Amino acid sequence: IGRADGGFLLRSGARTGDRIFVTGCLGSAAAGLRILEKKGNTKIKDNERELVKKFISPRPRFEYGRLLLMSKCVSSCMDISDGLISDISRICEESGAGARIDADALPVSTSLAAYAVKTKIPAADYALYGGEDYELLFTVPENKVKKFAEFMAGYGVVFFQVGIMLSKKGIYVKKGYKTVKETFVKTWNHF
């Protein structure tokens, strides 16, 4: 059904100490879905349109994926379709590691931040547990982070560090000064 010219990135290459990154803002598509579920296609306010658009018309980051591969710095990668927590758990499972995500470091749009205040649901919850963002989730060994940043800067690509891979199994979420082990109650389940 296709071929991978020049190679491909797997979920299985992450190691303890690797830094966890994403390519863009998270949670907007989940908020857009929530708006559609509550209002349908009518009565959507101007400040909610961006969120709905993120859900209806996602932009997969194919071009960024090629750059990640070209950098020769990325140890694992996948897209975020089922939510950050759910998808980092897949990288952890395939790599035999755990992860800690820093909720305060998650990139969110100004539209999502405003909507989160309105709904009284933290923007970080949309970013952690919502899906359909189709940003890329990837890991880079600590000793290659500087080289990777320089390479990506040459292409004008913005990315965000959101966590670190751990030797102990499990997914941990750091919010402020508190770190808790993820129970997967809020994550997307296909069944």
Side-chain angles (χ1 to χ4, degrees), residues 18-61 64 68 77-92 98-140 145 149 152 156-166 170-190:
D18 285 6
R19 300 316 193 239
I20 302 168
F21 295 93
V22 297
T23 55
C25 291
L26 305 179
S28 293
L33 173 60
R34 186 173 196 270
I35 291 165
L36 289 172
E37 288 174 335
K38 289 191 167 289
K39 297 182 176 186
N41 253 342
T42 60
K43 299 179 184 175
I44 296 173
K45 297 176 183 171
D46 285 341
N47 60 345
E48 297 171 335
R49 289 191 196 288
E50 177 188 335
L51 302 174
V52 171
K53 183 179 178 186
K54 286 285 188 180
F55 176 72
I56 292 174
S57 302
R59 284 193 54 214
R61 300 298 192 173
Y64 289 179
L68 296 181
C77 182
M78 69 179 292
D79 71 337
I80 301 175
S81 57
D82 294 334
L84 177 59
I85 292 298
S86 183
D87 291 331
I88 192 63
S89 73
R90 290 179 174 94
I91 286 177
C92 289
R100 184 184 71 231
I101 301 295
D102 184 353
D104 298 332
L106 297 175
V108 297
S109 69
T110 54
S111 297
L112 176 57
Y115 185 71
V117 170
K118 178 182 167 184
T119 61
K120 296 183 171 86
I121 297 172
D125 283 5
Y126 288 103
L128 288 165
Y129 308 110
E132 309 301 319
D133 288 308
Y134 296 101
E135 293 294 342
L136 297 179
L137 168 64
F138 59 97
T139 58
V140 176
V145 169
M152 296 303 271
V157 176
V158 178
F159 56 94
F160 305 89
Q161 184 174 330
V162 298
I164 188 169
M165 296 300 293
L166 305 173
I171 309 298
Y172 300 84
V173 177
K174 182 179 180 282
K175 293 182 180 179
Y177 296 107
K178 187 176 181 184
T179 301
V180 297
K181 187 171 184 180
E182 180 56 52
T183 59
F184 294 91
V185 173
K186 300 177 188 176
T187 59
W188 173 254
N189 183 339
H190 291 279

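Values reported hereafter were calculated over all heavy atoms of this structure, with side chains retained and with hydrogens, waters and symmetry mates removed. This is a predicted model, so every value here is computed, not measured. All residue numbers in this chain count up from 1 along the given sequence.
Between the side chain of E135 and the backbone N or O of V22, no donor-acceptor pair lies under 3.5 Å. Checked by atom type and distance alone, the side chain of D87 pairs as donor or acceptor with a backbone atom of D82 at under 3.5 Å.
Atom CD1 of I88 and atom OG1 of T139 lie 7.0 Å apart (nearest 0.5 Å). Atom CE of M78 is separated from atom CG of L136 by 10.0 Å, given to the nearest 0.5 angstrom. Here the OH-OG distance, from Y126 to S28, works out to 10.5 Å after rounding to the nearest 0.5 Å. With rounding to the nearest 0.5 angstrom, the CG atom of D18 is 7.0 Å from the CE atom of M165.
The pair E48-K118 counts as a salt bridge, with a side-chain nitrogen and a carboxylate oxygen less than 4.0 angstrom apart.
Within a 6.0 Å radius of NZ in K53, no more than 12 heavy atoms belonging to other residues, nucleotides or ligands are found. More than 12 heavy atoms of other shown residues, nucleotides or ligands fall within 6.0 angstrom of atom CZ in R61.
Considering only heavy atoms from C-beta on, F138 comes within 4.5 Å of F159 through its side chain.
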Checklist entry - Could you go step by step and tell me if L128 and K175 meet the side chain to side chain contact (heavy atoms under 4.5 Å, CB included) rule? => result CA-CA 11 Å; L128 288 165; K175 293 182 180 179; 4.0 Å; yes
Item to check | side chain to side chain contact (heavy atoms under 4.5 Å, CB included) between S111 and N47, intermediate numbers included | outcome: CA-CA 6 Å; S111 297; N47 60 345; 5.7 Å; no
Next on the checklist: For a side chain to side chain contact (heavy atoms under 4.5 Å, CB included) check, start with the C-alpha distance between M152 and V158, then their side-chain angles and the critical distance, and finish with the verdict.
Outcome noted: CA-CA 8 Å; M152 296 303 271; V158 178; over 6 Å; no
Checklist entry - Between T119 and R34, does a side chain to side chain contact (heavy atoms under 4.5 Å, CB included) hold up when you go through it step by step? => result CA-CA 10 Å; T119 61; R34 186 173 196 270; 3.2 Å; yes
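Donor-acceptor pairing under 3.5 Å is lacking for the side chains of Y115 and E50.
The minimum heavy-atom distance linking I101 with L106 is given by the pair CG2-CD2, 4.0 Å. The minimum heavy-atom distance between L51 and L112, with the atom names listed, is CD2-N, 3.8 Å. Scanning both residues, L68 and C77, for their nearest heavy atoms gives CD1-SG, 3.8 Å. Closest of all the heavy-atom pairs between G24 and F160 is CA-CE1, 3.9 Å. For A29 against E132, the heavy-atom pair with the smallest separation is CB-O, 3.4 Å. Nearest heavy atom pair, residue C25 against residue D133, reads O-OD1, 4.3 Å.
Each of T23, L26, L84 was evaluated against L137; a single residue qualifies, L84, per the side chain to side chain contact (heavy atoms under 4.5 Å, CB included) test.
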